[in-house]
Number of protein chains: 2
Amino acid sequence: MSTDATPKARAKRRDAQRNREKLIDATMDVFTERGLDVPLEEIARRAGVSIGTLYNHFPSRDDLIAAFYPAKFAAQIEDADRALECAPWEGFVWYLARLCERQACDRGLSDLLSRRLPDTPELRQACAQSYERTSRIIARAQQDGSLRADFTPQDLTFVIWSSISIIKATAAVAPDAWRRHLAFLLDGCRATAAHPIATPSLDMEQVLKTMPTLGTATAQHE
Amino acid sequence: MSTDATPKARAKRRDAQRNREKLIDATMDVFTERGLDVPLEEIARRAGVSIGTLYNHFPSRDDLIAAFYPAKFAAQIEDADRALECAPWEGFVWYLARLCERQACDRGLSDLLSRRLPDTPELRQACAQSYERTSRIIARAQQDGSLRADFTPQDLTFVIWSSISIIKATAAVAPDAWRRHLAFLLDGCRATAAHPIATPSLDMEQVLKTMPTLGTATAQHE
DNA sequence: CAATAACTTGAGGGAACCCTCAACTTCTAT
DNA sequence: ATAGAAGTTGAGGGTTCCCTCAAGTTATTG
């Protein structure tokens with residue numbers, strides 16, 4: 001209202017910056033350990049600030065989540081790139097196992113996929129990047145003759161969803177059980193195992209609407 | 001304290017019996033439609049009684065659940081019996097699809113598998129019956145040479161868990177999507193698709209501990 | 001070292017759900 | 001008909017988490 005003639009918005013105060021960082025660090029830890037539904041007080045406590053300060057920096061849980069996931073997406077994209085350096089089928093298998101491993105040791109990450117995320121440009125971009133690589137991983141393995149021809153990038157979502165549920169169910173009793181489930185699924189993905197499937201693949205629209213990544217494209221009522 | 005010399009406990013009052021039945025009916029409907037975590041007031045409202053009466057008849061949510069699931073288990077056992085009348089592989093496939101179909105149209109049923117149930121004799125018996133049939137369905141298909149030899153009854157849990165997560169994720173967008181997932185999984189279950197799996201099957205103990213049916217065998221702290 | 005804008009604090013109000021219990025109503029047996 | 005046991009009721013206290021905002025604290029700038 002008064003002196004807003006400065007070229008850009010004025011820099012944050014030093015202590016405020018520090019608090020923001022402490023909050024982000026705490027968020028990464030707490031979400032990873034306990035999932036995205038943890039009480040926000042827990043994050044404030046861990047960061048050593050009051051709940052009021054938390055709300056000052058991050059007005060809603062979604063803002064914390066928005067600070068949480070980019071690193072996770074980036075790691076996933078790196079994994080995809082590494083997978084593309086392997087032989088086609090091995091890369092495909094390794095990538096899926098890697099996805100699952102990450103879910104298995106990160107409750108926040110596995111919660112991400114069952115939650116509507118805000119529709120930010122960064123997220124759209126991360127999705128596009130991820131999709132691009134995933135498609136290549138799949139296409140390579142199909143050209144190679146090892147992956148069944150009717151497998152689509154959207155079908156990968158099934159692998160993730162189903163593995164997450166196994167991971168969550170068996171975490172306390174047999175933390176490796178998902179590997180067995182994945183093995184069955186992979187055997188069903190081989191070209192040599194393929195029998196025609198009547199139900200068509202989801203299209204990308206449907207996957208987006210369903211859960212991970214973007215909400216209903218352009219926000220809904222929030 | 002006074003006149004408890006009657007051979008058996010006195011019969012319930014007529015109106016109390018009626019209320020109990022209304023509550024059970026409401027429970028079946030509400031759990032089926034909205035899952036096991038619905039507010040109990042909703043059930044009382046639907047039954048046309050007060051919340052106090054609900055608590056009078058069913059002191060805890062678990063007691064309502066205990067009234068809910070036997071019919072569901074019975075249906076499942078019937079399905080298994082029908083499956084045993086088909087050809088081995090067809091029976092196996094039909095049974096799995098049937099299980100999933102039931103989950104798909106019954107939120108209460110799908111919640112059951114991700115919740116610790118009370119350890120009652122009836123439940124133990126239902127589990128034993130179910131296990132006995134399931135084992136036969138599997139054994140038949142293996143002897144037949146169609147189902148891979150390393151598939152165990154415990155692996156069936158994976159099929160259910162994973163399908164439930166697909167069902168929940170896609171219910172709003174593509175209510176049939178689970179069929180595609182199941183098809184991949186089934187292709188991976190064929191004897192001809194089998195590749196050796198390093199991770200061993202869960203044993204029955206572990207499955208019980210994990211989730212469905214019984215809690216930690218002989219109750220824990222409740 | 002003010003003065004002031006920026007930031008922090010935590011008590012507290014709100015919502016959703018749980019469960020209880022003292023006062024009331026209804027059934028049933030005599 | 002009536003007494004008393006059996007059953008019902010719903011307001012209200014408890015819990016957990018959400019989020020706000022008036023009052024207090026701290027950094028920054030001249």
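Convention: sequence-line order gives letters A, B, ...; per-chain numbering from 1.
For the pair A/L40 CG and D/dT20 C1', the computed distance is 14 Å after rounding to whole Å. Atoms CD1 (A/I43) and P (D/dC19) sit 12 Å apart, rounded to a whole Å. Atom pair A/R18:CZ and C/dC7:P shows a separation of 13 Å (rounding to whole Å applied). If you measure from atom CZ of A/R34 to atom P of D/dC17, you get 9 Å, rounded to the nearest angstrom. The interatomic distance linking A/K22 (NZ) with C/dT9 (C1') rounds to 13 Å, in whole Å. Distance A/E42 CD to D/dC18 C1': 16 Å, rounded to the nearest Å. If you measure from atom CG of A/D63 to atom P of D/dC18, you get 14 Å, rounded to the nearest angstrom.
Using a 4.0 Å cut-off between charged side-chain N and carboxylate O, B/R136 and B/E132 make a salt bridge.
For A/D203, the salt bridge (charged side-chain N to carboxylate O under 4.0 Å, His left out) criterion is met by no residue, not counting sequence neighbours.
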Side-chain polar contacts of residues 93-100 of chain A - donor-acceptor pairs under 3.5 angstrom, sequence neighbours left out - could you list them?
| from | atom 1 | to | atom 2 | distance (Å) |
| --- | --- | --- | --- | --- |
| A/R98 | NE | A/D79 | OD1 | 3.3 |

Listed pairs under 3.5 Å, donor-acceptor, residues 17-28 of chain A side chains, sequence neighbours left out:
| from | atom 1 | to | atom 2 | distance (Å) |
| --- | --- | --- | --- | --- |
| A/R20 | NH2 | A/H57 | O | 3.4 |
| A/T27 | OG1 | A/L23 | O | 2.7 |

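Judged as a ring pair (Phe, Tyr, Trp, His ring centres under 6.0 Å), not a single pair has a partner in residues 97-133 of chain B (not counting sequence neighbours). Among residues at least two apart or in separate chains, ring pair (Phe, Tyr, Trp, His ring centres under 6.0 Å) pairs with a member in residues 31-54 of chain B are B/F31-B/F68.
When each of B/P59 and B/K12 is assigned the nucleotide of DNA chain C bearing its nearest heavy atom, the one mapping closer to the 5' terminus is B/P59.
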remark   = Contact string for nucleotides 8-16 of chain D, one letter per nucleotide 5' to 3', B = base within protein heavy-atom range under 4.0 Å, S = sugar-phosphate only, - = neither, reads BBBB-----

